[in-house]
Amino acid sequence: MDASNIDMTSKVCLITGGNSGIGKATALGLAKLNATVVIVSRDKDKGEAALIEIRAKSSNRNLDAMTADLSSQDSVRELAHDFKSRYKKLNVLINNAGIFLPRRVQTVDGLEATLATNHLGHFLLTNLLIDVLKASAPSRIINVTSSAHYGTEIDFEDLQSEKKYSGYHAYSQSKLANVLFTHQLAKQLEGTGVTANSLHPGVVRTGFGKDQRGLMSILVTVGRPFMISPEHAAKALIYLATSPDMEGVTGKFYSRGKEGRSSTQSYDEASAERLWKVSAELTKLDA
């Protein structure tokens, strides 16, 4: 799974959540392969700080930081517009940003924030950039998911968790949505030269989950010694983004870099189609 000898000169890569953890480690890895790397972060200062660090460690000048809040659809639309005004191509889109919220939070669009950030924001961003990805083909989309998607299903009757809220269910449902989205996207992109795959990078030692209370905080604390470093986890993402072995491979699920089977629910075509339809409505995609 070594990608260190691949030359990504003239390839443009966009990574959401690129200012910390696995996103930053992946951005650095791609920068070292001479790619043009654009990191997206919610906080402008954190994005700029990450950019300075990646530039210093990679000696790559073709780096850029953009700011967007994935839970806000206006912000996502602005990001897509800004990206297209600066760049004429996009070879790799890595939808990596994710949140876990112990309590229900409503976004500016009136949606439940976990679903809005982890799934709907990426659904909208990908669709808004799809024409650039097609024009840059062969190109790749990688959706970062989690093993948390196993054992859950999409609750279409209470998608926004208005009746009852569980932080873990909201998170695991959003991660299943990532895989269903990937499968449907791969189907729609057949023959375009754009591939879509999902990856569970492993349980990564990052700041993720550090602000939690109760059971989640115990799990994060107890599990920390068994977690892998962001740098180790990033290797799988970099491999999927750059390896010639991945040329034309689409609609697959990877766990820690190895092809595997996602949950039974994730292969339900009716759910994937329904989720796409609902997501398009909630993001006013065709408006």
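In this structure, Thr250 contributes its side chain and Ala186 its backbone to no donor-acceptor pair below 3.5 Å. With hydrogens and angles disregarded, no donor-acceptor distance shorter than 3.5 Å links the side chain of Ser136 to the backbone of Lys89. Side chain of Ser166 to backbone of His169: a donor-acceptor contact under 3.5 angstrom is found. Looking at Asn118, its side chain never comes within 3.5 Å of a backbone N or O of Ser174 through a donor-acceptor pair. The main-chain N or O of Gln265 is never found under 3.5 Å from a side-chain atom of Glu153 such that the two would form a donor-acceptor pair. With hydrogens and angles ignored, the 3.5 Å screen pairs a side-chain donor or acceptor of Lys175 with a backbone N or O of Val144. A donor-acceptor pair under 3.5 Å is formed between the side chain of Tyr267 and the backbone N or O of Ser262. A distance-only check finds no donor-acceptor pair linking the side chain of Asp109 to the backbone of Leu111 [under 3.5 Å]. Formation of a donor-acceptor pair under 3.5 Å by the Gln173 side chain with backbone atoms of Thr114 is not found in this model. Between the Lys84 side chain and the Leu128 main chain, a donor and an acceptor come within less than 3.5 Å of each other.
Residues Arg256 and Gly202 approach most closely at NE-CA, 3.6 Å, considering heavy atoms. Shown here for Ser71 and Thr117, the closest heavy-atom pair between the two residues is CB-OG1, 3.3 Å. The two atoms that bring Leu63 and Ser58 nearest to each other are CD1-OG, 4.2 Å, heavy atoms only. Minimum interatomic distance between Thr145 and Ser198 (heavy atoms only, all atoms of both residues): CG2-CB, 4.1 Å. In terms of heavy-atom proximity, Ser263 sits nearest to His149 at N-NE2, 2.9 Å. Leu185 approaches Ile130 most closely through the heavy-atom pair CD1-CD1, 4.3 Å.
Connection of Leu124 to Ile141 is established within a shared hydrophobic cluster, with ILVMFWY side chains joined at heavy-atom distances below 4.5 Å, either directly or through further cluster members. A chain of hydrophobic side-chain contacts below 4.5 Å, direct or via other Ile, Leu, Val, Met, Phe, Trp or Tyr residues, connects Leu199 to Val249. Under a hydrophobic-cluster definition in which Ile, Leu, Val, Met, Phe, Trp and Tyr are linked whenever side-chain heavy atoms come within less than 4.5 Å, directly or via other members, Leu285 and Val76 are assigned to the same cluster. No continuous path of hydrophobic side-chain contacts links Leu125 to Val179 [ILVMFWY only; heavy atoms under 4.5 Å]. Residues Ile22 and Leu240 share a hydrophobic cluster, clusters being chains of Ile/Leu/Val/Met/Phe/Trp/Tyr side chains in contact below 4.5 Å.
One finds a salt bridge joining Arg140 and Glu247 here, because a Lys/Arg side-chain nitrogen approaches an Asp/Glu carboxylate oxygen to under 4.0 Å. For the pair Glu273 and Lys277, the salt-bridge criterion is not met [side-chain N within less than 4.0 Å of a carboxylate O].
Trp276 and Phe181 have tilted rings, their planes meeting at an angle from 30° to 60° on a 0 to 90° scale. The aromatic rings of Phe253 and Tyr150 sit perpendicular, their planes meeting at an angle over 60°, well past the 30° parallel limit. By the 30° and 60° cut-offs, the orientation of the rings of Phe83 relative to Tyr87 is parallel.
At least one side-chain heavy atom of Leu282 sits less than 4.5 Å from a side-chain heavy atom of Gln160. Side-chain contact between Arg104 and Glu162 is present, with heavy atoms from C-beta onward closer than 4.5 Å. Considering only heavy atoms from C-beta on, Ile54 comes within 4.5 Å of Lys24 through its side chain. Proximity of Asp82 to Met66: side-chain heavy atoms (C-beta onward) are separated by under 4.5 Å at one or more points. Ile6 is not listed as a side-chain neighbour of Lys11, based on a closest heavy-atom distance of 4.5 Å or more.
Here CG of Leu115 is found 4.5 Å from CG of Leu120. Values are rounded to the nearest 0.5 Å. Summarising the geometry, atom OG1 belonging to Thr67 is positioned 9.5 Å from atom CG belonging to Asn19; distances are rounded to the nearest 0.5 Å. Rounded to the nearest 0.5 angstrom, His183 NE2 and Asn197 CG are separated by 8.5 Å. To the nearest 0.5 angstrom, Ile154 atom CD1 is 4.0 Å from Leu176 atom CG. Here the SG-CG distance, from Cys13 to Leu90, works out to 8.0 Å after rounding to the nearest 0.5 Å. Between Ile142 atom CD1 and Tyr254 atom OH the span is 10.0 Å, to the nearest 0.5 Å.
A 6.0 Å sphere centred on CD of Glu269 holds no more than 12 heavy atoms belonging to other residues, nucleotides or ligands. The number of heavy-atom neighbours closer than 6.0 Å to NZ of Lys46, taken from other residues, nucleotides and ligands shown, is 12 or below. Counting heavy-atom neighbours within 6.0 Å of Lys164 NZ, excluding the residue itself, gives a total of 12 or less.
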**Asked** Stepwise, does the side chain to side chain contact (heavy atoms under 4.5 Å, CB included) test hold for Leu129 with Leu14?
**Response** CA-CA 11 Å; Leu129 294 176; Leu14 179 70; 3.6 Å; yes
Q) Going through the distances and angles, do Phe156 and Leu275 end up as a side chain to side chain contact (heavy atoms under 4.5 Å, CB included)? A) CA-CA 8 Å; Phe156 286 106; Leu275 179 67; 4.1 Å; yes
* To do: Please step through salt bridge (charged side-chain N to carboxylate O under 4.0 Å, His left out) for the pair Glu281 and Arg274, ending with a clear verdict.
  => CA-CA 11 Å; Glu281 284 164 9; Arg274 187 177 178 186; over 6 Å; no
Item to complete: Start with the C-alpha gap between Tyr168 and Thr152, add the side-chain angles, then the distance that decides, and say whether side chain to side chain contact (heavy atoms under 4.5 Å, CB included) holds.
Response: CA-CA 10 Å; Tyr168 185 78; Thr152 196; over 6 Å; no
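For the 3.5 Å distance criterion, the side chains of Asn96 and Thr26 fail to qualify, holding no donor opposite an acceptor. Under the 3.5 Å distance criterion, with hydrogens and angles disregarded, no donor-acceptor pair is assigned to the side chains of Asp74 and Ser72.
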Tell me which donor-acceptor pairs under 3.5 Å the side chains of residues 29-41 have, and how far apart each pair is, sequence neighbours excluded?
from: Ser41; atom 1: OG; to: Asp43; atom 2: O; distance (Å): 3.3

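Residues forming a ring-ring contact (aromatic ring centres under 6.0 Å, His included) with His122 (at least two apart in sequence, or on another chain): none.
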